[in-house]
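Because the structure is predicted, anything quoted here is derived from the model rather than measured. When reading the values below, keep in mind they use all heavy atoms of this one structure, side chains included, and skip hydrogens, waters and symmetry mates. Residue numbering restarts at 1 for every chain, and letters A, B, ... go by the order of the sequence lines.
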Amino acid sequence: MTDQTTAPHTYATSSDSLLAGLNNKQLEAVTLPNQSALILAGAGSGKTRVLTTRIAWLIQTGQISPNGLLAVTFTNKAAKEMLTRLTTMLPINTRGMWVGTFHGLCNRLLRAHHREALLPATFQILDTADQLSAIKRVMKLMNVDDEKFPPKQVQGYINSCKDEGMRAHSVDAYDPHSQKLREIFEEYDKQCQREGVADFAELLLRCYELLERDANIRQHYQNRFKYVLVDEFQDTNRLQYQWLKLLAGHAQGNQRNCIFAVGDDDQSIYAFRGARVGNMRDFEQDFAIENIVKLEQNYRSHSNILDAANAIITHNRNRLGKNLWTSAGAGEPVRVYQAYNDIDEANFIVEEIQSLHRDGVDLSDIAMLYRSNAQSRVIEHALFSVGLPYRVYGGLRFFERAEIKHALAYMRLMANPNDDTALLRVINFPTRGIGARSLEQLQEVARQNDTSLWEAALLNTGKIGSFVTLIKQMQEESIGISLPEVAELATTLSGLKTFYQGEKEGEDRIANLEELVSAATAFMNQDLGLRIEQSDVDENGEIVQSLLTQFLGHASLEAGEHQADVGRDALQLMTVHAAKGLEFKAVFISGLEEGLCPHEQSLYEANGLEEERRLMYVAVTRARERLYLSHAQSRMLHGQVRYGIPSRFLDEIPEELLKRLNAKPVAKPFFQTASSSSEQKSAMPWKIGQQVGHGKFGQGVVVSYEGNADDLRIQINFGKEGMKWLALEYAKLEAL
DNA sequence: ATTGATACAGCAAAT
DNA sequence: CTGTATCAAT
């Protein structure tokens with residue numbers, strides 16, 4: 001980056017053209033004076049535009065240089081989007097700019113100061129699955145009963161502690177159970193330290209602690225980042241907010257830097273990973289925000305869609321308050337389809353999509369949304385059978401596939417052989433005669449000497465010795481070759497390719513391994529062809545990590561996004577979470593049944609239902625012109641047929657906005673389940689799956705029944721009221 | 001030590 | 001239903 005490009009007077013575009021087309025509120029937000037600000041930006045109100053224009057305006061008016069700002073988002077998608085938009089607004093080189101996700105930026109900072117952060121230069125990142133296996137290992141070593149302490153729960157405990165900014169020594173534990181949890185937490189962290197690995201939450205916590213502890217580093221970044229911009233502020237957790245305050249110099253009491261926070265409390269859908277909507281109110285207080293700028297004009301959706309969204313969200317109690325409006329016309333009504341079952345629902349959706357497509361709508365402008373990933377299978381099947389191209393986001397991601405994780409594990413060992421998780425993954429894969437027995441011995445030696453498994457392995461000869469030799473050979477051969485060549489090396493020298501060639505259904509896996517090499521090539525080219533060298537210094541005088549380490553970090557932090565058929569016009573399939581921030585001409589929201597949306601688990605959590613409602617709000621506001629809401633009377637869930645009643649969120653939309661595509665749901669005959677024998681059939685007046693009404697519990701659906709003619713009890717799912725067993729003799733039920 | 005079969009548990013969202 | 005854990009047989 002040269003001085004020339006950062007000097008404001010060199011820009012051809014005037015600030016007028018930058019600001020053209022903004023409405024008053026947007027303009028106000030973009031041109032706010034030099035102070036911290038909170039922008040309450042409703043869905044579709046031009047939030048990203050405001051954020052990027054604000055950056056461009058600050059740069060163009062010479063208030064800040066591109067190096068002096070830090071912009072943080074939650075998804076890689078959003079970060080990329082921001083950078084692309086910036087480059088179209090300003091002739092600047094965005095390389096070297098600090099724009100990224102919290103995790104990405106913390107990773108970058110920790111790499112640059114790994115010594116001060118007490119981490120090896122090549123520290124690796126544990127993804128969720130790696131973390132779980134690491135926890136299981138610790139627990140085994142500590143002889144903890146995994147019945148009493150389910151590893152998944154321990155994982156949740158550790159992560160939520162870290163999200164709150166707490167280490168094992170600072171958490172309260174008064175009863176034996178929580179004391180044990182704390183002990184596992186402590187041992188787990190020790191193990192991570194020994195192995196030189198960090199989980200997702202650790203990246204943030206470690207970075208926070210580094211800035212807090214090291215005044216030099218802290219001041220360096222505080223002096224550099226005069227402007228901190230935060231997207232999706234409502235999704236920040238306590239630790240992230242503390243981190244932001246530290247960067248802004250707020251925690252030292254002499255606030256020097258400005259935070260420009262953009263958020264929407266109605267779109268807070270990440271409480272499950274520690275997000276605190278309350279951070280918005282705290283921010284308002286802590287930074288003495290005088291006027292919150294509210295962006296309430298929606299430019300995205302027709303008013304029927306927007307009215308439906310507003311109607312839903314007004315049922316939430318805890319809101320900052322905001323009402324979206326649009327000058328667009330009413331548009332089409334919101335379509336509601338009641339399907340007989342999940343397959344019927346999928347077929348309906350596919351037919352509608354085909355018809356939309358025939359009418360000239362791009363498939364990529366149509367999205368199919370669902371609450372949980374598992375729901376995509378039925379739709380995928382239906383799409384596949386009619387040959388409609390589609391893209392699934394989320395689900396099994398590329399870098400999470402078994403064969404890719406194996407290859408990556410070899411690459412991780414080349415970079416950092418102390419990574420026990422990686423070592424354990426591949427020491428006997430492909431099998432080379434190192435079984436449980438030898439591993440136990442190896443772990444015992446490591447434990448006694450308090451070293452990593454690798455160091456213990458160095459003492460071995462025999463089969464373990466030849467594994468050590470293999471890794472060492474890989475390390476030697478990797479010197480001076482390019483990243484894709486390293487990937488190639490990891491897949492061949494390890495024997496992975498040969499192994500999968502011998503497998504019956506190994507072709508896909510081999511194709512994926514080849515894809516990994518292409519991914520490495522793409523990564524290398526995108527990074528201006530840096531070659532592997534231990535460390536390098538970029539034009540800003542910052543340390544650049546080895547390309548291999550960068551690539552491995554990329555693989556952990558950006559597990560998805562890498563799908564075949566990118567440029568092709570294809571229907572978009574994703575969860576509602578993944579759809580946040582996106583918009584489509586037509587949107588299908590499926591599975592709107594009690595138990596699925598709102599998810600049954602949410603009903604047991606504090607404020608769980610409100611979060612589900614926000615999720616629904618996010619889903620609805622993705623649509624520009626056409627919105628379909630569908631639910632099924634029965635669906636295959638967890639391996640068995642489940643009967644559900646329509647989601648309460650459907651009832652929250654005024655009837656006049658809706659167009660019911662099948663006013664009277666088709667009363668199709670239901671299959672008799674094996675358990676309902678023929679002699680009981682006569683005594684049972686209701687069909688399984690039938691909709692019934694009850695004076696006290698309202699609408700429900702018959703799930704099952706038991707007993708004989710004199711004592712027949714039927715089980716009914718009343719949704720909001722829960723599952724009930726009723727004695728037929730007394731229950732007054734009416735058919736619906 | 002490896003393999004293959006069978007039992008069993010869990011099963012929401014994502015950096 | 002599906003991935004993982006366990007166990008008996010090679």
Quiz item: Are Lys405(A) and Asp127(A) ion-paired here, with the side-chain N under 4.0 Å from a carboxylate O?
Solution: yes
Self-check item: Along DNA chain B (nearest heavy atom to each residue), the more 5'-positioned of Thr431(A) and Thr101(A)
Solution: Thr431(A)
Quiz item: Separation of Gln131(A) atom CD from dT15(B) atom P, in whole Å?
Solution: 15 Å
Quiz item: Between Ile464(A) (CD1) and dA1(B) (P), how many Å, whole number?
Solution: 10 Å
Practice problem: Check salt bridge (charged side-chain N to carboxylate O under 4.0 Å, His left out) between Glu202(A) and all other residues, then give those that pass, not counting sequence neighbours. | Solution: Lys162(A), Arg167(A), Arg206(A)
Exercise. Would you give a per-nucleotide map of nucleotides 2-10 of chain C, 5' to 3', where B means the base has a protein non-hydrogen atom under 4.0 Å away, S means only the sugar-phosphate does, and - means neither?
Key: S--S-----
Quiz item: salt bridge (charged side-chain N to carboxylate O under 4.0 Å, His left out) with Arg622(A): which residues, sequence neighbours excluded?
Solution: none
Quiz item: Rounded to the Å, how far apart are Asn428(A) CG and dA1(B) P?
Solution: 9 Å
Practice problem: Check the distance between dT15(B)'s C1' and Asn107(A)'s CG and give it to me in whole angstrom. | Solution: 12 Å
Exercise. Quote, to the nearest angstrom, the C1' distance that separates dA13(B) from dT4(C).
Key: 23 Å
Quiz item: Will you find, in the side chains of Asp199(A) and Tyr188(A), an N or O donor that is under 3.5 Å from an N or O acceptor?
Solution: yes
Quiz prompt | Residue pairs fulfilling side chain to side chain donor-acceptor pair (under 3.5 Å) with at least one residue in residues 375-385 of chain A, sequence neighbours excluded | solution = Ser372(A)-Gln375(A), Ser376(A)-Glu380(A), Glu380(A)-Tyr390(A)
Quiz item: Quick one: Phe429(A) CZ to dA1(B) P, roughly how many Å, whole number?
Solution: 18 Å
Quiz prompt | Polar side chain donor-acceptor pair, Asn512(A) to Glu403(A), under 3.5 angstrom | solution = yes
Exercise. Using a 4.0 Å cut-off on protein heavy atoms (strictly under), produce a 5'-to-3' string for nucleotides 8-14 of chain B with B for base contact, S for backbone-only sugar-phosphate contact, and - for none.
Key: ---BBBB
Quiz prompt | ring-ring contact (aromatic ring centres under 6.0 Å, His included) against His315(A), all qualifying residues, sequence neighbours excluded | solution = none
Practice problem: Please determine if Asp163(A) and Arg273(A) form a salt bridge, counting it only when a charged side-chain N lies under 4.0 Å from a carboxylate O. | Solution: no
